[in-house]
Amino acid sequence: MKGWSIHRLCILSLIFLVACSDKSNIEQIKNISSNSSLRNNSSNPITDSCLYYQKSARQMDSTLLIAKKFDESIAIRANNLFVKCALICKNDSISPLYLMKAAQLSQTLNKINLSEKYLIKILEDYPKSKMIPATKFLLAQYYADINLLNQPGKAKDLFNEIIKDYPNTIWSENAAAAMKWVGKSDEEILKELKKKK
């Protein structure tokens with residue numbers, strides 16, 4: 001995880017937890033699970049490919065969550081599966097969640113341009129998704145980081161959009177707080193945090 005700071009790791013963990021704890025996503029996953037167990041005997045993965053890929057993606061997600069150490073080959077397979085699931089199931093509201101997971105894995109695999117591409121796809125293809133604030137925030141973090149995409153103007157624009165479009169939310173608070181770190185190195189951030197203590 002080259003180029004990671006504690007600050008960024010915490011923010012990504014927060015985004016991941018918020019995305020995964022979204023009640024509608026959890027309910028949808030439960031519904032998919034119960035439907036697939038009922039339909040397993042009559043369902044054909046070839047004719048019902050979205051269901052097949054969702055089931056495979058859930059299994060891979062579980063594998064990643066219980067892994068004790070990072071395995072690059074598993075991460076690459078998971079990334080490919082999440083993208084495939086999102087594309088095959090493009091009309092399903094779970095699709096942005098798998099694109100978000102692919103974006104996070106791509107960043108971990110030092111494929112930041114792929115990560116940016118997946119986040120932009122969420123913003124363009126799923127503008128009404130509940131994942132939009134998390135997506136904008138993560139993308140803004142990538143733009144703000146001088147070791148990742150290093151585009152402070154785009155970072156500020158996205159943070160300002162979050163503040164304007166999602167007032168009085170945790171996303172708005174985090175965007176306002178993150179705005180002061182745009183364009184600063186990990187060392188500069190740590191130095192300022194130490195001063196405050």
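Side-chain atoms are counted along with the backbone in the values below, which use heavy atoms only and exclude waters and symmetry mates.
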Is the shortest side-chain heavy-atom distance between Ile94 and Gln54 below 4.5 Å?
yes

For the residue pair Lys90 and Tyr126, what are the closest heavy atoms and their distance?
O-OH, 2.8 Å

Mind running side-chain contact (heavy atoms from CB on, under 4.5 Å) on Asn160 and Met179 for me, showing each step along the way?
CA-CA 9 Å; Asn160 282 323; Met179 188 81 82; 3.1 Å; yes

Say you draw a straight line from NZ of Lys156 to CD1 of Ile163; how long is it, rounded to the nearest 0.5 Å?
11.5 Å

How many angstroms lie between atom OG1 of Thr135 and atom CG of Leu99, to the nearest 0.5 angstrom?
8.5 Å

Return yes when the gap between the SG atoms of Cys89 and Cys50 is under 2.5 Å; return no otherwise.
yes

Phe159 and side chain to side chain contact (heavy atoms under 4.5 Å, CB included): which single residue from Lys154, Lys136, Gln141, Lys164 fits?
Gln141

Please report the shortest heavy-atom distance between Ala155 and Ala144, naming the atom on each side.
CB-N, 3.5 Å

Please report the interatomic distance OG(Ser93) to NZ(Lys128), rounded to the nearest 0.5 Å.
14.5 Å

Backbone of Ile74 reached by a side-chain donor or acceptor of Asp71 within 3.5 Å
yes

Given 3.5 Å as the limit, does a donor-acceptor pair link the side chain of Tyr166 with the main chain of Glu161, or not?
no

Could you check whether any side-chain N or O of Gln59 sits under 3.5 Å from a backbone N or O of Ser56, counting only pairs where one atom can act as donor and the other as acceptor?
no

Leu190, Leu148: one ILVMFWY side-chain cluster at the under-4.5 Å cut-off?
no

Hey, is the main chain of Pro167 close enough, under 3.5 Å, to the side chain of Ser172 for a donor-acceptor pair?
no

Quick one: does Thr108's side chain have a donor or acceptor within less than 3.5 Å of a partner on Gln104's backbone?
yes

Just verifying a value: how many Å separate Ile66 CD1 and Lys68 NZ, rounded to the nearest 0.5 Å?
8.0 Å

CD1/Ile122 to CD1/Ile132 distance, rounded to the nearest 0.5 angstrom?
7.0 Å

Validation row, ring centre Tyr118 to ring centre Phe82 under 6.0 Å
no

Close side-chain approach of Ser106 to Ile112, heavy-atom, < 4.5 Å:
no

Looking at CG of Asp186 and CD1 of Ile146, how far apart are the two atoms once the value is rounded to the nearest 0.5 Å?
7.5 Å

4.5 Å side-chain heavy-atom contact, Asn113 and Tyr142:
no

Please examine the side chains of Tyr98 and Val83, heavy atoms only from C-beta on, and report whether any two atoms are closer than 4.5 Å.
no

Does Leu64 reach the side chain of Ser62, with side-chain heavy atoms less than 4.5 Å apart?
no

Heavy-atom closest contact (Leu105 atom, Ala75 atom, distance)
CD1-O, 3.8 Å

What are the two closest non-hydrogen atoms of Ile162 and Pro133, and how far apart are they?
CD1-O, 4.2 Å

Can you name the nearest heavy-atom pair linking Leu139 to Leu123, along with the distance?
CD2-CD1, 3.9 Å

Return the minimal non-hydrogen interatomic distance between Ala78 and Met60, and the atom names on each side.
CB-CG, 3.3 Å

Residues Glu192, Lys184: salt bridge by 4.0 Å N-O rule:
yes

Side chains of Lys101 and Asn79 in contact at under 4.5 Å (non-hydrogen atoms)
no

